[in-house]
Student: 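Sharing a structure, written as structure tokens. Questions coming.
Every heavy atom of this structure was used, including side-chain atoms; hydrogens, water molecules and symmetry mates were not. Positions are given from 1 along the sequence.
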Amino acid sequence: MSFPSAARVTLRDSQLRRNLAKATGAIREKRAAVVEQLPDWGELRGAGRAVKDQALADLDRHLMALESAVAAAGGQVHWAKDGTEGCRIVAEIARSHGAGEVVKVKSIATDEIRLNEALAAAGVRAVETDLAELIIQLGDDVQSHILVPAIHKNRAEIRELFARELRLPELSDEPAALAEAARLHLRRKFLDARMGVSGANFAVAETGTVCVVESEGNGRMCTTLPEVLVTVMGVEKLVPAWRDMGVFLQLLPRSSTGERMNPYTSFWTGVRPGDGPEEFHLVLLDNGRTDVLADRVGRQALRCIRCSACLNACPVYSRTGGHAYESVYPGPIGAILTPQLHRLEEGRSLPYASSLCGACYEVCPVEIDIPRVLVHLRGRVVDGEPAWKPEKAAMRMLYRAFASRRAYEAAQRAGRLGSRPLARRGRIERLPFPLSGWTVTRDLPEPPSETFREWWRRERGGGPSGAERGGAEGSPGRPGNPRLRPFAAYSRRRSNAWAGGRGPGSTGQARGGPASAGNAREAILGAIRSALADRPPAPEVPRRYRRRSKRGRREIVATFAERVGEYRATVRLVSAGGVIDAISELCRERGARRLAVPGDLPDEWRPEGVDLIRDAPLSPQELDRLDGALTGCALGIAETGTIVLDGGPTQGRRAVTLVPDYHLCLVAADQVVDLVPEAVERLEPAVREGRPLTFVSGPSATSDIELNRVEGVHGPRTLHVVVVAEEKAAG
């Protein structure tokens, strides 16, 4: 690990530092604005923390429940102890289906195990489809941010890269032009892909439902259009129950992109015949996570929902960037997660890459106490150093000096005598090696000629009081030293635990030992049970956040229309009798003459002068040649301006609202709920039936080019929403 040199390279790059300052500052401001809108943000954070801790406390049971639910829904579950095993599983699935190329959603877990390189070695090309990840792949670069991987690139650098790699010499550096170049480059790959690969933001144990949150539409493309979908998921990404998503659908978007809701959030459960992939494979990845779970202090890092809020708040990250961490997990969360995933064999310097200011803890949506874990890991690093290390020897000497009055006073006398030849004008400017490292950048004051204790004895006479004598004499392990006795006992327990292999970070078994026997499933479950030998009680989840609206129907519908419009979507509020006129007018404005529609589209939604092409089903290529799609929806969410599709009546397949460049959606006023938890509750029957869900908040968009928002990257560029109001809306 060469963190300091990598950091110095970044600090010398003024352009990179400007990019970082602009991006992290802008995201911080956006996040603060949308968080302030929620009166129950603190309650949501507390609930998020408790849900994740509840999942970790019974991780083995929840993983088995997830496995059963996915299998019952037609999916296949694979278990991978490490990255090598995970890569092998994905490569074997690709080869078995004759897939020479796979389209891939941005996934930190797959980057962690170097899946792209492993697939290439197996003769399979992985194509990154997220705009920022495409930039990284074309430039043979590495990510520098969890949310915005190409944060270190400006538009001029991206334009030069695209012009060279995509053979577009006339390309401008306008963000819209760069996004369009990426769209055209990837569109054919999406439409022809046989296999897609994704990560997962969450998985619901009780229903087997997997979730991907994204903005551009590439995630929807990769998880919807190919015949085969493979999801690689860290075992910690679980939530126990569907209702828990009512918490995280509020915490994650606001903490990551600074939005009320990301443009697209997709949920799927196994295989849905006729809608989406014909095969679904879920790869459950350990790769060191059970080692993290074994550390009672460090395991809270597994709560992380990968929002990147801690990166944007961190003064160290904002000056050094992600490359300095030499890990796919940069910033404060990387400083505590990377070393633990590797049992401190890598990233030993990362826990020191912090000012311990606590800003990361203040913004963490699941209340990970990152400063506490950093200090804890620093202790583990020091404990693992050999006794002859100079710093460790110096600390041991200091401990002995401070352990008793006699030792302390002897050290004071020795220091005063030893400093006399080195002092000049009351300062020590240079110490001999190896202590010279300290005085290279700072001076030391010369020790005073008389200590406070000596002054006290000279002025007042006698020694310390009896009470002070009782607390000052003796050594740490002796009865005469009650103040130090608790620390000494703690030190003995810590030493004994490490000697027995039961210290923090230990799973109670060596790598290659009992956990390696048998198949991966039993090995991982066994490692989890060993890590949870203390089996902390699963906490109760405080549900004090808002779950029911107190607003009237008219206000809720008005808020929905306003929030949808803020996403640069067009909104029309009409009566039931004005639906056809509104649809016809919007189609004329858009120039849409041929629209894909579900087979059960109501007659009262069929405008004149527009060819309505029934989805029979249409192939992705056929959908791509149409002007747009006309559908209904399952419900709308007022607080976030989101429409939700669940494959129910008037909605059709997911591909219908994904591939065409234009989506015209009708929402009945009585379908609009106010709050996200209300929507999650209303959608539970659809989830239990195995229907896929798509949350849509405006057109597809990206902000990966100098944080300039551009609509229409891979999903529809234009979203029109017609809200059909009740004739007599309640106040």
Side-chain angles (χ1 to χ4, degrees), residues 10 14-42 44-45 48 131-132 143-155 175-176 179 213-216 248-263 265 304-322 330-334 354-355 357-368 370 559 562-569 639-642 676 697-699 701-711 713:
T10 301
S14 59
Q15 179 61 55
L16 175 55
R17 293 190 66 188
R18 283 194 295 271
N19 293 351
L20 287 168
K22 176 183 176 182
T24 56
I27 297 173
R28 277 199 311 271
E29 291 177 5
K30 288 179 62 180
R31 176 201 169 276
V34 295
V35 164
E36 191 175 343
Q37 295 173 359
L38 292 184
D40 55 348
W41 181 254
L44 286 167
R45 289 183 73 202
L131 176 58
Q143 305 92 329
S144 62
H145 194 278
I146 291 176
L147 173 64
V148 196
I151 196 173
H152 56 288
K153 297 286 189 183
N154 60 31
R155 65 168 72 180
V213 180
E214 47 118 6
S215 297
E216 299 175 6
F248 293 105
L249 287 176
Q250 297 182 82
L251 290 175
L252 180 57
R254 284 176 167 81
S255 297
S256 59
T257 60
E259 296 174 290
R260 300 185 187 98
M261 188 74 76
N262 290 75
T265 301
C304 178
I305 58 175
R306 310 292 191 265
C307 69
S308 77
C310 62
L311 280 70
N312 303 320
C314 178
V316 175
Y317 175 87
S318 65
R319 286 159 178 79
T320 62
I333 188 61
S354 171
S355 64
C357 66
C360 50
Y361 174 61
E362 292 299 321
V363 299
C364 178
V366 287
E367 299 184 337
I368 302 173
I370 294 177
T559 300
E562 177 186 345
R563 295 283 166 86
V564 171
E566 290 178 5
Y567 286 114
R568 302 186 188 179
E639 188 169 58
T640 60
T642 303
V676 171
S697 303
T702 185
S703 297
D704 280 325
I705 303 171
E706 295 186 346
L707 296 186
N708 290 283
R709 185 178 176 90
V710 179
E711 272 79 29
V713 186

Student: Which heavy atom of Tyr317 sits nearest to which heavy atom of His145, and what is that distance?
Tutor: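 Shortest heavy-atom contact: OH-CD2, 3.2 Å.
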Student: If I take atom CG from residue Leu251 and atom CD from residue Glu367, how far apart are they, to the nearest 0.5 angstrom?
Tutor: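 The CD atom of Glu367 is 9.5 Å from CG of Leu251, to the nearest 0.5 Å.
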Student: Output the distance between atom OG1 (Thr24) and atom CZ (Arg31), rounded to the nearest 0.5 Å.
Tutor: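 Between atom OG1 of Thr24 and atom CZ of Arg31 there are 13.5 Å.
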Student: Is atom CD of Gln37 surrounded by more than 12 heavy atoms (other residues, nucleotides or ligands) closer than 6.0 Å?
Tutor: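 Correct, the count exceeds 12.
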Student: Measure the CG-CE distance between Leu249 and Met261 for me, rounded to the nearest 0.5 Å.
Tutor: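 It is 5.0 Å, given to the nearest 0.5 Å.
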Student: I'd like to know if the side chain of Arg45 reaches the main chain of Cys364, judged simply by a donor and an acceptor atom lying under 3.5 Å from each other, with no hydrogens or angles considered.
Tutor: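 Side chain of Arg45 to backbone of Cys364, a donor-acceptor pair under 3.5 Å: yes, one is there.
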Student: So, the side chain of Arg28 versus the backbone of Ala313: is there a donor-acceptor pair under 3.5 Å, distance only?
Tutor: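 No: the side chain of Arg28 does not pair with the backbone of Ala313.
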Student: Just by distance, do the side chain of Glu216 and the backbone of Leu131 share a donor-acceptor pair under 3.5 Å?
Tutor: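 Yes, the answer is positive, given that a donor and an acceptor are paired below the 3.5 Å cut-off.
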Student: So how far is it from Ile705 CD1 to Ile151 CD1, rounded to the nearest 0.5 Å?
Tutor: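 So the gap between those two atoms works out to 13.5 Å.
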Student: Is there a donor-acceptor pair closer than 3.5 Å between any side-chain N or O of Arg254 and the backbone N or O of Val35?
Tutor: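 Between the backbone of Val35 and the side chain of Arg254 there is no qualifying donor-acceptor contact (under 3.5 Å).
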Student: Has Arg319 got a side-chain atom pairing as donor or acceptor with Pro315's backbone, closer than 3.5 angstrom?
Tutor: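 Present.
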Student: Would you say Ile368 and Cys304 make side-chain contact, with heavy atoms under 4.5 Å?
Tutor: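 They are in side-chain contact.
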Student: Measure the spacing between CG of Leu20 and OG1 of Thr320 and express it to the nearest 0.5 Å.
Tutor: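 The CG atom of Leu20 sits 7.5 Å away from the OG1 atom of Thr320.
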Student: First locate atom OG of Ser256, then atom CZ of Arg306, and finally report the distance between them rounded to the nearest 0.5 Å.
Tutor: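 Result: 13.0 Å between the selected atoms.
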Student: For Asn262 and Pro253, work out which heavy atoms get closest and say how close.
Tutor: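 Scanning both residues completely, I find the closest heavy atoms to be OD1-CB, 3.2 Å.
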Student: I'd like to check Cys307 versus Leu252 (side-chain heavy atoms, cut-off strictly below 4.5 Å). Are they in contact?
Tutor: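 Yes, close enough: below the 4.5 Å cut-off.
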Student: Say whether, by atom type as modelled, one donor and one acceptor occur between the side chain of Lys30 and the main chain of Thr257 under 3.5 angstrom.
Tutor: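 The answer is yes, because a donor-acceptor pair under 3.5 Å joins these two groups.
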Student: Are Arg260 and Thr642 close enough, and set up right, to give a side-chain contact (heavy atoms from CB on, under 4.5 Å), and what steps lead you there?
Tutor: CA-CA 9 Å; Arg260 300 185 187 98; Thr642 303; over 6 Å; no
Student: Spell out, as yes or no, whether a donor-acceptor pair under 3.5 Å connects the side chain of Tyr567 to the backbone of Thr640.
Tutor: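 It does hold such a pair.
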